[in-house]
Amino acid sequence: MFVELKYTLHRLRGQIIGWGIGIALYGLMMAAFYSDLAEMGGLINELLSSYPKELIAFFGDTIWNLNTPEGYLDLYYFNYMTVIIGIFSVGVGAKLLSGDEEHGIMDLVLSYPLSRTRFFWSRFFGFIIATAAILIIGWLSWVIPSQNTGIPLTWMEFLLPFIPLFAELLVFASLALLLSMLLPSMRAAGWFSGCLLVANYLLIGLSNINADLQSVIKYTPLYYYQGGDAISGLNWEWLAGLLGVSIAFALLAWWRFQQRDIRVGGEGGWELTSVLGLLRLSSRSRKR
């Protein structure tokens, strides 16, 4: 299991470095701008008052707290990170297993004395470590220059918002992994998961404009994303719920990986019987 975990991290090393550098540069840039914005104080609110009400409402009430660390980090960093790093998470989640199938090496790997269960969870935990590494780099990009940027937060307060961000990324990555076990290709799984992520992000903003959408967004993952508000304290119920959904998606993906026939190469077909099987499994669990 350790060998496969090590191999997964080795394969993701380029993405860890690339995404880590990009996120770090963005964090350093936004951290440097904080002192200038904080000095503007009430002028920011006066400027925002001149913007269209719909545009202000899209970003929620946090936009009126830009001169505070919580509001600044939420709007200029964590508000976008769900989509920015989400691209990485759904992309890797979708090809974590199906990528080897489509490249024709899955059957070769599984010919070694390695069970499907160990193989699956080694890959999944490798993704978790890679995601955590990228987020740690992002966290350091705020902590290291904090003494020179004038942001009055401790290293732990900087860390708190990254925890719900990690949970959100895990939800969409595990969803992409599950869909890669059901849809014809990793591209279809990544595309569908990415569309759901972007749609969820837009729906959250639109719900601030249209109150009728409030009843809908309660069933979406990003509704339970704290962002910069986590600096004031984590909502443990929301966090546990997100992690629970991620585990459920991962277990369903593992169950499907155990049952399915491995492709020799290329893209597959629509496995409608697998979808129906998951629906039956879900209905049985509800009856119990």
Side-chain angles (χ1 to χ4, degrees), residues 1-24 81 85-141 143 159 162-183 185-187 189-190 193 239-240 242-265 268 274:
M1 182 172 181
F2 177 76
V3 174
E4 186 60 35
L5 176 64
K6 184 179 178 181
Y7 169 76
T8 303
L9 292 174
H10 179 76
R11 193 170 67 170
L12 292 174
R13 70 189 187 283
Q15 297 194 56
I16 296 173
I17 296 172
W19 281 94
I21 292 175
I23 296 302
M81 284 299 110
I85 311 183
I87 297 173
F88 161 80
S89 63
V90 298
V92 174
K95 68 179 181 181
L96 199 61
L97 298 176
S98 294
D100 284 357
E101 281 189 285
E102 295 184 17
H103 290 104
I105 62 174
M106 176 70 80
D107 58 336
L108 177 62
V109 174
L110 292 181
S111 65
Y112 287 90
L114 177 68
S115 67
R116 290 196 183 191
T117 296
R118 294 174 61 186
F119 177 77
F120 178 91
W121 293 111
S122 296
R123 288 289 178 89
F124 188 70
F125 287 132
F127 162 77
I128 290 177
I129 295 173
T131 304
I134 294 174
L135 294 182
I136 289 174
I137 294 173
W139 168 66
L140 291 174
S141 70
V143 172
L159 179 63
F162 284 94
I163 298 176
L165 175 59
F166 173 78
E168 286 289 349
L169 296 176
L170 199 58
V171 169
F172 286 99
S174 57
L175 174 62
L177 177 60
L178 174 59
L179 291 176
S180 71
M181 297 290 101
L182 302 174
L183 299 182
S185 65
M186 63 179 180
R187 289 186 299 176
S193 303
L239 188 62
L242 292 172
L243 293 176
V245 171
S246 301
I247 293 173
F249 284 154
L251 287 174
L252 287 173
W254 166 75
W255 173 78
R256 180 56 201 145
F257 183 62
Q258 292 284 89
Q259 303 296 323
R260 73 199 301 262
D261 294 328
I262 301 299
R263 298 195 302 269
V264 177
S274 302

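Positions are given from 1, in the same order as the sequence printed here. What's counted below: heavy atoms across the whole structure, side chains too, no hydrogens, waters or symmetry copies. Nothing here was measured: the structure is a model prediction, and the numbers come from that model.
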Looking only at heavy atoms, which two atoms of [X] and [Y] are closest? And how far apart?
X      : Y      : result
Ile137 : Gly20  : CG2-O, 3.3 Å
Ile16  : Ala130 : CD1-CB, 3.7 Å
Met181 : Leu97  : CE-CB, 3.9 Å
Ala176 : Val90  : CB-O, 3.6 Å
Ile23  : Gly138 : CG2-CA, 3.7 Å
Trp139 : Leu159 : NE1-N, 3.4 Å

Would you compute the distance between atom [atom1] of [X] and atom [atom2] of [Y] and round it to the nearest 0.5 angstrom?
X      : Y      : atom1 : atom2 : result
Ile129 : Thr8   : CD1   : OG1   : 9.0 Å
Phe162 : Ile134 : CZ    : CD1   : 12.0 Å
Leu183 : Ser185 : CG    : OG    : 7.5 Å
Leu182 : Arg260 : CG    : CZ    : 8.0 Å
Ser115 : Trp121 : OG    : CH2   : 12.0 Å

Practice prompt. Using a strict cut-off of less than 4.0 Å between a Lys/Arg side-chain nitrogen and an Asp/Glu carboxylate oxygen, indicate whether Glu4 and Arg11 qualify as a salt bridge.
Written response: no
Discussion item. Any salt bridge linking Lys95 with Asp100? Criterion: basic side-chain nitrogen under 4.0 Å from a carboxylate oxygen.
Written reply: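 No, no charged N to carboxylate O under 4.0 Å.
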When you measure from the side chain of [X] to the backbone N and O of [Y], does any donor-acceptor pair fall under 3.5 Å?
X      : Y      : value
Ser98  : Ser180 : yes
Glu102 : Met186 : yes
Ser174 : Val171 : yes
His103 : Gly99  : yes
Arg116 : Phe257 : yes

Worksheet item: What's the verdict on side chain to side chain contact (heavy atoms under 4.5 Å, CB included) for Ile128 and Phe125, showing C-alpha distance, side-chain angles and the deciding distance?
Response: CA-CA 5 Å; Ile128 290 177; Phe125 287 132; 3.8 Å; yes
Practice prompt. For Leu135 and Ile85, run side chain to side chain contact (heavy atoms under 4.5 Å, CB included): C-alpha distance rounded to whole Å, both residues' side-chain angles, the deciding distance at 0.1 Å, then the answer.
Written response: CA-CA 9 Å; Leu135 294 182; Ile85 311 183; 3.6 Å; yes
Discussion item. Between Leu170 and Thr131, does the side chain to side chain contact (heavy atoms under 4.5 Å, CB included) criterion hold? Intermediate values first, please.
Written reply: CA-CA 9 Å; Leu170 199 58; Thr131 304; over 6 Å; no
Discussion item. Can you confirm whether Phe120 sits close enough to Gln258 that some side-chain heavy atom of one is under 4.5 Å from a side-chain heavy atom of the other?
Written reply: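 No - every pair of side-chain heavy atoms lies 4.5 Å or more apart.
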Practice prompt. Look at the rings of Phe124 and Phe127 and say which category their plane angle falls in: under 30° parallel, 30 to 60° tilted, over 60° perpendicular.
Written response: tilted
Fill in: Derivation of the side chain to side chain contact (heavy atoms under 4.5 Å, CB included) call for Trp19 and Ile87
CA-CA 10 Å; Trp19 281 94; Ile87 297 173; 4.1 Å; yes
